[in-house]
> 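Below you'll find the structure I mean.
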Amino acid sequence: MSNIKVTNSGFQLRDVSIEFKAKSAVEVGNYLKHQVGRQLQERLIVMSLNSQLDVIASDTVAIGQISSIVVSPREVFQIALLNNASSIILAHNHPSGHLIPSQEDIALTQKLREVGQLLQVPVNDHFIVSTDDYYSFAENQFK
């Protein structure tokens with residue numbers, strides 16, 4: 001179940017029925033496939049985690065077009081800090097079903113990891129999801 005929350009800067013979509021630990025890429029990947037894998041536009045999700053890796057919030061911070069999305073580190077970490085996250089997991093869907101990260105995906109992941117280190121809110125992983133499968137940067141050793 002999702003709620004739409006109107007904020008001063010626009011909107012925020014929040015999944016309010018999170019009840020699992022982000023202890024494996026398989027569990028997170030399967031959850032994300034069902035949440036955003038079927039979307040027709042790219043969406044960027046920030047999953048906020050506590051120190052025990054419990055998912056305390058899952059927020060859509062940006063909705064893009066069929067093949068692109070624009071997001072700034074400010075938007076990502078504003079949500080994480082408001083949720084009092086110890087760490088985060090990023091995810092976005094590829095409506096095309098193509099799961100190999102683009103150069104833009106890799107650059108965004110690197111930039112957000114750098115910002116996360118500065119803010120002491122590390123990015124644990126970044127997932128690309130489709131209807132049928134997922135790609136985990138951490139599983140594929142993109143550090």
Side-chain angles (χ1 to χ4, degrees), residues 1-5 7 9-117 119-143:
M1 171 183 258
S2 293
N3 286 344
I4 299 176
K5 179 179 178 185
T7 65
S9 61
F11 69 93
Q12 172 186 343
L13 296 173
R14 170 169 280 177
D15 187 336
V16 295
S17 60
I18 306 295
E19 293 182 14
F20 74 92
K21 283 187 180 252
K23 58 185 173 187
S24 77
V26 172
E27 287 182 41
V28 175
N30 287 332
Y31 169 81
L32 291 167
K33 283 190 305 186
H34 296 291
Q35 291 302 110
V36 295
R38 289 180 165 73
Q39 298 296 322
L40 300 178
Q41 298 132 322
E42 285 199 19
R43 292 173 185 251
L44 181 76
I45 307 293
V46 174
M47 297 177 78
S48 298
L49 310 176
N50 66 17
S51 61
Q52 301 300 308
L53 300 181
D54 296 315
V55 178
I56 54 178
S58 180
D59 296 287
T60 300
V61 295
I63 299 174
Q65 304 300 315
I66 290 174
S67 62
S68 66
I69 195 165
V70 177
V71 67
S72 73
R74 175 188 171 109
E75 295 164 321
V76 170
F77 287 99
Q78 178 185 31
I79 292 296
L81 293 170
L82 287 171
N83 288 330
N84 200 29
S86 293
S87 62
I88 61 172
I89 293 174
L90 304 170
H92 76 280
N93 64 313
H94 279 180
S96 68
H98 184 71
L99 295 175
I100 302 300
S102 66
Q103 289 303 313
E104 293 83 5
D105 293 336
I106 294 167
L108 175 66
T109 302
Q110 290 171 338
K111 183 175 200 164
L112 292 175
R113 282 189 169 154
E114 291 169 9
V115 173
Q117 286 177 336
L119 294 174
Q120 298 180 341
V121 181
V123 176
N124 292 352
D125 203 346
H126 182 175
F127 286 81
I128 300 172
V129 296
S130 69
T131 303
D132 301 317
D133 209 356
Y134 69 88
Y135 177 94
S136 160
F137 277 75
E139 277 188 333
N140 289 281
Q141 301 175 351
F142 273 87
K143 304 289 182 194

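As the structure is a computational prediction, the values presented were derived from the model and not from experiment.
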> Return the OG to CD distance between S136 and Q141, rounded to the nearest 0.5 Å.
10.0 Å

> Fit a plane to each ring of F127 and Y134, take the angle between them on a 0 to 90° scale, and name the class: parallel (under 30°), tilted (30 to 60°) or perpendicular (over 60°).
tilted

> Could you state the interatomic distance from CG (L53) to CE (M47), rounded to the nearest 0.5 Å?
11.0 Å

> Look up atom CG in N140 and atom CD1 in I100, then write down how far apart they are to the nearest 0.5 Å.
8.0 Å

> Between atom CG of L49 and atom OG of S58, what is the distance when rounded to the nearest 0.5 Å?
10.0 Å

> Which heavy atom in V121 sits nearest to a heavy atom in I88, and how many Å separate them?
CG1-CG2, 4.0 Å

> Tell me the closest heavy-atom pair linking E75 and V70, and the distance in Å.
OE1-O, 4.5 Å

> What's the spacing between S72 OG and L112 CG if we round to 0.5 Å?
9.0 Å

> Side chains of D105 and H92: any donor to acceptor distance under 3.5 Å?
yes

> Side chain of D125, backbone of F137: donor and acceptor closer than 3.5 Å?
yes

> Give a yes or no answer on whether the side chain of N124 reaches the backbone of I89 with a donor-acceptor pair at less than 3.5 Å.
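Such a contact is absent between N124 side chain and I89 backbone.
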
> Of H126, E114, E104, which meets side-chain hydrogen bond (donor to acceptor under 3.5 Å, both in side chains) against T109?
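Answer to the side-chain hydrogen bond (donor to acceptor under 3.5 Å, both in side chains) test with T109 among H126, E114, E104: H126.
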
> Looking only at heavy atoms, which two atoms of S48 and A85 are closest? And how far apart?
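Shortest heavy-atom separation between S48 and A85 comes out as CB-CB, 3.7 Å.
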
> Do P95 and Q39 have side-chain heavy atoms sitting under 4.5 Å apart?
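No, side chains not in contact.
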
> Run the side-chain contact (heavy atoms from CB on, under 4.5 Å) test on V55 and V28 for me, step by step, so that the C-alpha distance in whole Å, both residues' side-chain angles and the decisive distance to 0.1 Å come before the verdict.
CA-CA 10 Å; V55 178; V28 175; 6.0 Å; no

> Compare every heavy atom of Q41 with every heavy atom of G64, then report the nearest pair and how far apart it is.
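For G64 and Q41, the tightest heavy-atom pair comes out as O-CB, 3.3 Å.
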
> Taking the side chain as every heavy atom from C-beta outward, state whether L90 and V46 have any atom pair closer than 4.5 Å.
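With C-beta onward as the side chain, the pair touches.
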
> Does V61 reach the side chain of F77, with side-chain heavy atoms less than 4.5 Å apart?
no

> What distance separates Q78 CD from N83 CG, expressed to the nearest 0.5 Å?
10.5 Å

> Return the minimal non-hydrogen interatomic distance between A62 and I69, and the atom names on each side.
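Distance-wise, the nearest heavy atoms are O-CD1, 3.3 Å.
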
> Any chance CG of D133 has more than 12 other-residue heavy atoms, nucleotides or ligands included, within less than 6.0 Å?
yes

> Identify the two heavy atoms, one from N84 and one from I56, that lie closest to each other, and give their separation to 0.1 Å.
O-CD1, 4.2 Å

